[in-house]
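Working notes, structure below.
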Amino acid sequence: MTIVKLAELCDSSENVIRNYEKSRRLPQVDMLIRICNALRVSPDYLLQDELVYESYQVGEELLQRINRLSPKNVSVLKDMIDTLEKYDDINENV
């Protein structure tokens, strides 16, 4: 994504975005949220010094897929995750 496009999506100026990119300035929380939304990433992605890309990519893909589900299916998925966590807890104690 270009700086011009990111600035547009964040309702900001190109100079402001360039200053963030070059670490001349740090964004306020509200701007950080706008940048994350524009880039479709989580704040921790932007704030990490090092990124384990593969595991993060899998997590991002799952979040994107979950976001496309209906509310009913999100609820079903949550129940399934709860069940899997309980199953893991039981097996760890055996």
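Atoms considered below: every heavy atom in the structure, side chains included; atoms not considered: hydrogens, waters and symmetry mates.
Between Cys36 and Leu46 there is a side-chain heavy-atom pair separated by less than 4.5 Å. Proximity of Met80 to Val76: side-chain heavy atoms (C-beta onward) are separated by under 4.5 Å at one or more points.
For Arg24 (side chain) and Asn19 (main-chain N/O), no donor-acceptor pair under 3.5 Å exists by modelled atom type. In this structure, Asn67 contributes its side chain and Leu63 its backbone to a donor-acceptor pair below 3.5 Å.
In this structure, CG in Leu6 is found 10.0 Å from CD in Glu8, a value given to the nearest 0.5 Å. Atoms CG and OG, from Asn37 and Ser42 in turn, are 11.0 Å apart once rounded to the nearest 0.5 Å. From Ser12, atom OG reaches atom OH of Tyr20 across 5.5 Å, with rounding to the nearest 0.5 Å. To the nearest 0.5 angstrom, Lys22 atom NZ is 13.0 Å from Ile17 atom CD1. With rounding to the nearest 0.5 angstrom, the CG atom of Leu39 is 13.0 Å from the CZ atom of Arg34. Going from atom CD1 of Ile35 over to atom CG of Asp30 covers 9.5 Å, rounded to the nearest 0.5 Å.
Counting heavy-atom neighbours within 6.0 Å of Leu84 CG, excluding the residue itself, gives a total above 12.
Hydrophobic cluster membership differs between Met1 and Ile33, with clusters built from Ile, Leu, Val, Met, Phe, Trp and Tyr side chains linked at under 4.5 angstrom. Neither Val16 nor Val4 shares a network with the other; the hydrophobic side chains, linked directly or stepwise wherever heavy atoms of I, L, V, M, F, W or Y lie under 4.5 Å apart, form separate groups for each. No path of Ile, Leu, Val, Met, Phe, Trp and Tyr side chains, each step under 4.5 Å between heavy atoms, connects Val29 with Met31, placing them in separate hydrophobic clusters. With hydrophobic clusters built from ILVMFWY side chains whose heavy atoms lie under 4.5 angstrom apart, Leu62 does not share a cluster with Leu77. Residues Val41 and Ile3 fall within the same hydrophobic cluster, defined by Ile, Leu, Val, Met, Phe, Trp and Tyr side chains chained together at heavy-atom separations under 4.5 Å.
In summary, Asp82 and Lys86 do not engage in a salt bridge, as defined by a charged side-chain N under 4.0 Å from a carboxylate O.
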